[in-house]
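Could you have a look at this structure, given as structure tokens, before my questions?
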Amino acid sequence: MSSAGGQMERYESSKLYRIRHSMAHIMAQAVLEVFPEAKIAIGPPIEDGFYYDFELPRAVNEQDLNRVTKRMKEIIKGGFSFERRVVSADEALAMFANQPYKVELIEGLMAGNLDEYGEKRKDGEEVILTTYRQDSFEDLCRGPHVEKTSDINPDAFSISFKEPAGAYWRGDENNQMLTRIYGTAWETQEELEDYLQRLEEAKQRDHRKLGIELGLFAFSQLVGKGLPLWKPKGAVLRDTLERFLRDEQIRRGYTPVITPHIAKVDLYITSGHYPYYADSQYDPIDVDGEQFMLKPMNCPHHIQIYKSEHRSYRDLPIRMMEFGTVYRYEQSGELNGLTRVRGFTVDDAHLFVTPDQLLEEFIAVVELIQYVFNSLGLLDFKARVGVRDPESDKYIGADDIWEKATSAIIEACDRLGLQYTVEEGEAAFYGPKLDFIFRDVLKREWQLGTVQVDYSLPERFEMEYVGTDNKTHRPIMIHRAPFGSLERFIGILTEHYYGAFPLWLSPVQMAVLPVSNKVDAEAKALAAQLQAEGFRVEVYERGQLGKKIAEARGQRIPYQVILGQRDVENGTVSIRLRDDTELEPMPVSEFIAMARHVRDSRAMDLVPAQQ
RNA sequence: GCCUACGUAGCUCAGUUGGCAGAGCACCUUCUUGGUAAGAAGGAGGUCAUGGGUUCAAGUCCCAUCGUAGGCUCCA
């Protein structure tokens with residue numbers, strides 16, 4: 001996005017926005033010329049481009065899009081001006097008599113003051129209907145547009161870079177499915193090419209592609225979709241992450257617990273999960289007349305552990321941790337590699353605290369999350385406080401409880417000096433939460449860690465502790481997960497690092513590359529020595545050295561340990577880093593010391609700074 | 001779940017209007033014994049996702065199912 005004078009220009013008032021908005025109209029005109037019977041819906045600018053939704057007589061193909069593109073270029077070159085006109089409702093209804101979606105829009109605007117997405121308009125302003133016309137095409141529209149079509153660069157847009165997509169009218173799955181044609185448009189051809197190249201790079205970085213190449217995970221039709229299988233290299237990566245977090249949590253006073261993967265439906269009826277989230281849970285299993293289900297969350301189980309003993313204020317805070325695997329029935333169309341699956345493991349913990357302890361414990365959790373992100377080199381993240389949507393009734397718990405929880409989160413953020421935004425409708429159903437949104441190297445945003453303050457579940461489960469006053473009190477729960485889910489997190493990490501994990505996380509940390517197979521035996525002995533030092537090592541025995549290097553590079557092996565006759569005689573190794581840096585031959589002991597230091601300090605660089 | 005497209009060897013892909021199932025890489029064997037981005041030759045590997053249908057004949061056309069991709073919807 002362009003910026004002016006150091007201050008971010010609002011996208012809505014930028015030239016790019018007007019270009020894209022105008023492109024949507026131009027595309028609609030071209031599509032109507034190719035498909036005269038098409039019905040047009042809406043066509044707004046979006047990030048990086050625009051779209052327009054159509055009801056078409058048949059599926060569009062590449063050829064259609066080429067024809068549309070050709071026609072769009074002609075319209076652009078025609079230099080038609082965009083003419084704004086204020087129209088009365090009757091006039092508009094007459095003009096769009098053949099366009100049912102436009103009629104619905106006009107009626108919505110006049111009667112219910114609904115905007116183009118079917119949402120109640122918030123500004124409450126009086127509705128003025130306006131249209132914009134270019135060439136032969138006039139569309140109901142608020143604007144703004146460029147002055148004339150020739151203000152647009154005919155070589156800086158593309159509509160066939162993405163497959164046409166189905167989209168529900170007004171985003172409601174009960175409505176007609178329309179065909180959405182996406183476009184991208186820029187001021188210059190270079191910007192267009194940059195954008196297309198960024199898309200290409202994202203494709204190269206895709207964890208689904210890298211996951212296969214690096215042997216991290218697999219899916220099986222027989223096991224079922226959305227159920228990842230961790231292969232040895234993925235499993236060691238995941239296990240390393242788990243151990244890192246487990247150790248860190250134990251240092252901070254957490255205690256591990258373990259709970260089963262199924263439980264009686266009654267547990268989730270009590271917790272409130274069952275009625276609210278019936279759609280996204282697996283159907284219950286009948287066992288001897290009782291209903292059991294795969295657990296969609298770990299918290300009710302942990303609550304039962306809390307309740308298994310009589311608790312005193314002296315026991316609190318209790319911090320229970322579990323890498324708990326949960327199962328959720330995601331719609332099949334939503335499944336996506338490791339980032340959206342049907343069975344995944346949450347790095348879960350539940351803290352049970354007194355009101356006095358809440359703030360301190362909340363802050364400690366945020367500090368843990370910051371520490372974890374820092375250790376992994378995830379530096380670009382922002383915090384979002386998710387609060388209730390006041391219009392919705394999907395939440396449980398009384399108003400004053402929500403207010404208490406929300407103000408606790410905001411106070412903790414202020415005390416930590418955290419930059420945060422507050423967003424309505426982003427709360428969990430039982431309480432408000434603080435989410436950490438991570439931006440990866442491609443500037444894509446991912447929701448990772450989450451912390452939730454919960455007064456509701458303690459209430460529903462009638463949790464208690466005895467206070468100093470010898471009376472029973474209700475604990476407060478903090479739900480939190482720094483990674484969110486191990487699956488999604490590793491998918492994101494893979495893309496962020498482009499498969500080149502820091503040494504401590506690399507599935508294979510070093511590969512020994514014998515220069516010829518005359519030194520294969522020595523290479524194996526060296527590998528055994530390195531393995532005994534606790535490193536994950538492979539020996540590459542196939543082909544000539546060049547081929548071994550090519551393969552090791554492809555596998556993003558951090559240290560490529562080259563061993564030839566010369567090295568054997570001198571007791572040295574020649575280290576090549578995965579970024580093609582070649583180090584001077586060094587004694588084996590020196591290499592081990594260096595690698596150990598890099599690994600144990602969880603450094604991002606493969607060579608310590610002082611070297 | 002919905003719309004659209006796709007599914008051919010472990011991986012990446014070719015396969016004409018329906019007419020004997022292919023390539024590169026990987027794998028196995030042999031040769032080569034090498035110093036920083038893929039040495040050479042040979043071999044093996046397939047119920048063309050699965051099940052039906054049309055046809056003298058189906059990888060190719062039709063239907064269903066499963067899976068995948070891009071969207072929509074959803075995301076505790």
Side-chain angles (χ1 to χ4, degrees), chain A residues 51 53 55-56 58-62 161-182 199 203 206 208-209 212-213 215 218-226 268 271-274 276-281 295-300 326 328-337 339-341 346 386 394-396 426-431 433 447 450 452 454 457 479 481 484-485 488 513-520 540 542-554 560 562-567 574-578 580-583 585:
Chain A
Y51 68 79
D53 287 342
E55 187 185 318
L56 296 174
R58 60 170 172 85
V60 288
N61 55 39
E62 190 82 30
F161 73 116
K162 253 186 192 179
E163 298 272 310
Y168 300 108
W169 166 238
R170 283 188 160 163
D172 185 335
E173 61 184 323
N174 300 313
N175 285 344
Q176 171 77 29
M177 176 71 71
L178 305 173
T179 301
R180 175 169 298 178
I181 302 176
Y182 282 95
L199 286 188
K203 222 167 119 185
D206 193 317
R208 292 167 298 189
K209 176 180 154 73
I212 294 172
E213 287 172 6
F219 289 90
S220 148
Q221 279 199 31
L222 272 180
V223 172
K225 58 180 166 186
Y268 304 103
S271 72
H273 291 107
Y274 189 70
Y276 284 84
Y277 297 99
D279 289 348
S280 48
Q281 289 162 172
K295 71 172 167 187
M297 312 206 82
N298 299 303
C299 30
V326 297
R328 299 180 190 176
Y329 178 76
E330 303 289 351
Q331 294 194 92
S332 62
E334 251 313 318
L335 299 172
N336 184 282
T339 55
R340 197 76 185 275
V341 291
V346 184
K394 73 168 186 173
Y395 306 99
I396 58 172
E426 291 292 335
F429 79 96
Y430 49 71
K433 60 181 186 172
Q447 187 192 314
T450 176
Q452 296 156 16
D454 177 11
L457 290 182
H479 308 239
S485 108
R488 171 179 290 182
L513 279 43
V515 172
S516 89
N517 53 21
K518 278 189 187 142
V519 289
D520 276 357
Y540 280 33
R542 283 161 189 288
Q544 302 188 130
L545 184 59
K547 177 173 182 147
K548 293 172 184 174
I549 289 172
E551 282 180 0
R553 289 178 90 259
Q560 296 152 26
I562 291 163
L563 188 77
Q565 204 64 49
R566 283 207 301 270
D567 299 291
S574 306
I575 305 301
R576 198 198 143 94
L577 307 180
R578 63 183 159 204
D580 296 337
T581 307
E582 292 173 33
L583 306 183

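Computed over heavy atoms, backbone and side chain alike; hydrogens, waters and symmetry mates excluded. Fair warning: this is a prediction, and the values are worked out from it, not measured in the lab. Each chain gets a letter, A, B and so on, in the order the sequences are listed, and its residues count up from 1.
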Please identify each residue that fulfils salt bridge (Lys or Arg N to Asp or Glu O under 4.0 Å) with A/Lys548, with sequence neighbours left out.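 So A/Lys548 forms no salt bridge (Lys or Arg N to Asp or Glu O under 4.0 Å) with any residue.
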With sugar-phosphate meaning primed atoms plus P, OP1 and OP2, does A/Thr179 contact a base, only sugar-phosphate, or nothing at under 4.0 Å between heavy atoms?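 A/Thr179: no heavy atom of the nucleic acid under 4.0 Å.
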Ionic contact status for A/Lys433 with A/Glu426, cut-off 4.0 Å: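 Salt bridge: no.
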Round to the nearest Å and state the distance from A/Trp169 atom CH2 to B/C72 atom P.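 Distance, rounded to whole Å: 16 Å.
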Could you list the protein-to-nucleotides 27-30 of chain B atom pairs, N/O on both sides, closer than 3.5 Å?
unit_1: B/C27; atom_1: OP1; unit_2: A/Arg542; atom_2: NE; d: 3.0
unit_1: B/C27; atom_1: OP1; unit_2: A/Arg542; atom_2: NH1; d: 3.4
unit_1: B/C28; atom_1: OP1; unit_2: A/Arg542; atom_2: NH2; d: 2.9
unit_1: B/C28; atom_1: OP2; unit_2: A/Arg542; atom_2: NH1; d: 2.7
unit_1: B/C28; atom_1: OP2; unit_2: A/Arg542; atom_2: NH2; d: 2.7

Applying side chain to side chain contact (heavy atoms under 4.5 Å, CB included), can you list everything that pairs with A/Glu55, at least two apart in sequence or on another chain?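 For A/Glu55, the residues satisfying side chain to side chain contact (heavy atoms under 4.5 Å, CB included) (neighbours in sequence not counted) are A/Lys39, A/Tyr101, A/Gln176, A/Leu178.
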Could you give the distance separating B/G51 and B/A14 at their C1' atoms, to the nearest angstrom?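 Rounded to whole Å, the distance is 27 Å.
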Can you list the residues that meet the salt bridge (Lys or Arg N to Asp or Glu O under 4.0 Å) rule with A/Glu551, with sequence neighbours excluded?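 Listed in chain order: nothing, the list is empty.
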Does the base of B/C72 carry an N or O that pairs as donor and acceptor with the side chain of A/Arg170 under 3.5 Å?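 Counting by modelled atom types and ignoring angles, no donor-acceptor contact under 3.5 Å is found here.
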Can you check the A/Ile181 CD1 to B/A5 C1' distance for me, whole Å?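 So the two atoms are 15 Å apart, to the nearest Å.
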Select base, sugar-phosphate, or nothing to describe what A/Asp580 touches, counting heavy atoms under 4.0 Å on all strands.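 It contacts base atoms.
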Under 3.5 Å, is there an N or O donor on one side and an acceptor on the other linking the side chain of A/Ser516 and the base of B/G35?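 Not at all, since no donor on one side and acceptor on the other fall under 3.5 Å apart.
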Not counting sequence neighbours, which residues clear salt bridge (Lys or Arg N to Asp or Glu O under 4.0 Å) with A/Arg576? List them please.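 Residues passing salt bridge (Lys or Arg N to Asp or Glu O under 4.0 Å) with A/Arg576: A/Asp580, A/Glu582.
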Which nucleotides of nucleotides 61-71 of chain B have their base under 4.0 Å from a protein heavy atom (B), which only their sugar-phosphate (S), and which neither (-), written as one string 5' to 3'? -----SSSSBB
Mind checking if A/Gly171 touches a base, just sugar-phosphate, or nothing, with heavy atoms under 4.0 Å?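 If one applies the 4.0 Å heavy-atom cut-off, A/Gly171 turns out to touch the sugar-phosphate alone, with no base involved.
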Could you tell me how far apart A/Glu426 (CD) and B/C74 (P) are, to the nearest whole angstrom?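 Computing the A/Glu426:CD to B/C74:P distance gives 12 Å.
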Rounding to the closest angstrom, what is the interatomic distance between B/A69 and B/U12 at atom P?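 Nearest-Å result for B/A69 against B/U12 at atom P: 13 Å.
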Can you list the residues that meet the salt bridge (Lys or Arg N to Asp or Glu O under 4.0 Å) rule with A/Arg542, with sequence neighbours excluded?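 Expected list: none.
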How long is the line joining CD of A/Glu55 and P of B/C3, in whole Å?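 So the CD-P distance, A/Glu55 to B/C3, works out to 14 Å.
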Can you tell me how far C1' in B/G18 sits from the matching atom in B/C75, rounded to whole Å?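 Taking atom C1' in both B/G18 and B/C75, they lie 46 Å apart.
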Could you check how far CZ of A/Arg576 sits from P of B/G35, rounded to whole Å?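 Rounded to whole Å, this separation is 15 Å.
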Mind listing the closest non-hydrogen atom pair of A/Leu563 and A/Val519 along with its distance?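 That would be O-CG2, 3.5 Å.
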Taking only the P atom of each, what is the distance from B/G15 to B/C61 in whole angstrom?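 It comes out at 13 Å once rounded to the nearest Å.
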Applying side chain to side chain contact (heavy atoms under 4.5 Å, CB included), can you list everything that pairs with A/Tyr329, at least two apart in sequence or on another chain?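 Partners of A/Tyr329 by the side chain to side chain contact (heavy atoms under 4.5 Å, CB included) criterion, ordered by chain and then number, come out as A/Tyr282, A/Arg342.
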Integer angstrom distance from the C1' of B/A9 to that of B/C48: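 Straight-line distance between the two C1' atoms is 10 Å.
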If you measure from the P atom in B/G52 to the same atom in B/A58, how many Å do you get, rounded?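 B/G52 and B/A58 have their P atoms separated by 13 Å.
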Take the protein atom CG of A/Asp567 and the nucleotide atom P of B/G34, then report the distance between them rounded to whole Å.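 Interatomic distance, CG of A/Asp567 to P of B/G34: 15 Å.
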Watson-Crick and G-U pairing of RNA chain B, under 3.5 Å, as dot-bracket with | and [ ]: (((((((..((((.....[..)))).(((((.......))))).....(((((..]....))))))))))))....
Which residues share a side chain to side chain donor-acceptor pair (under 3.5 Å) with A/Gln565, sequence neighbours left out: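 Result, side chain to side chain donor-acceptor pair (under 3.5 Å) vs A/Gln565: none returned.
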In whole angstrom, what separates A/Tyr51's OH from B/U4's C1'?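 So the two atoms are 17 Å apart, to the nearest Å.
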Please measure how far the P atom in B/G46 lies from the corresponding atom in B/U8, and state the result in whole Å.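 Nearest-Å result for B/G46 against B/U8 at atom P: 15 Å.
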By nearest heavy atom, map A/Gln281 and A/Leu563 onto RNA chain B; which one lands nearer the 5' end?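 On the 5' side of the pair lies A/Leu563.
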Could A/Arg170 and A/Asp172 be called an ion pair, given the rule that one side-chain N must be under 4.0 Å from one carboxylate O?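 Salt bridge: no.
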Using atom P of each nucleotide, how far apart are B/C62 and B/U17 to the nearest Å?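 One P to the other, the span is 14 Å.
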For the side chain of A/Ala550, starting at C-beta, report the closest nucleotide among B/A38, B/G34, B/G1.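 Nucleotide nearest to A/Ala550's side chain: B/A38.
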A/Val515 side chain, from C-beta outward: closest of B/G39, B/A5, B/G35: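 Of B/G39, B/A5, B/G35, B/G35 is nearest to the side chain of A/Val515.
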Relative to the 5' end of RNA chain B, which residue comes earlier, A/Asn517 or A/Ile212, by the nucleotide with the nearest heavy atom?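 Looking at RNA chain B, the more 5' nearest nucleotide goes with A/Ile212.
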Side chain to side chain contact (heavy atoms under 4.5 Å, CB included) partners of A/Ser271, counting only residues at least two apart: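 Checked A/Ser271 against side chain to side chain contact (heavy atoms under 4.5 Å, CB included); matches are A/Tyr268, A/His273, A/Pro300, A/Leu457, A/Phe461.
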How many whole angstroms separate atom CG of A/Leu513 from atom C1' of B/U33?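 The answer, rounded to whole Å, is 16 Å.
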Among all residues two or more places apart in sequence or in another chain, which pass the side chain to side chain contact (heavy atoms under 4.5 Å, CB included) test with A/Glu213?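 Applying side chain to side chain contact (heavy atoms under 4.5 Å, CB included) to A/Glu213 gives A/Lys209, A/Leu210.
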Check: A/Tyr51 ring centre within less than 6.0 Å of A/Tyr182 ring centre: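 Yes, ring centres under 6.0 Å apart.
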A/Arg328 (side chain) donor-acceptor with A/Pro296 (main chain) under 3.5 angstrom: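 Side chain of A/Arg328 to backbone of A/Pro296: a pair is present.
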Would you classify A/Glu213 as touching base, sugar-phosphate or nothing, given that sugar-phosphate means primed atoms plus P, OP1 and OP2, and contacts are heavy atoms under 4.0 Å?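 No contact.
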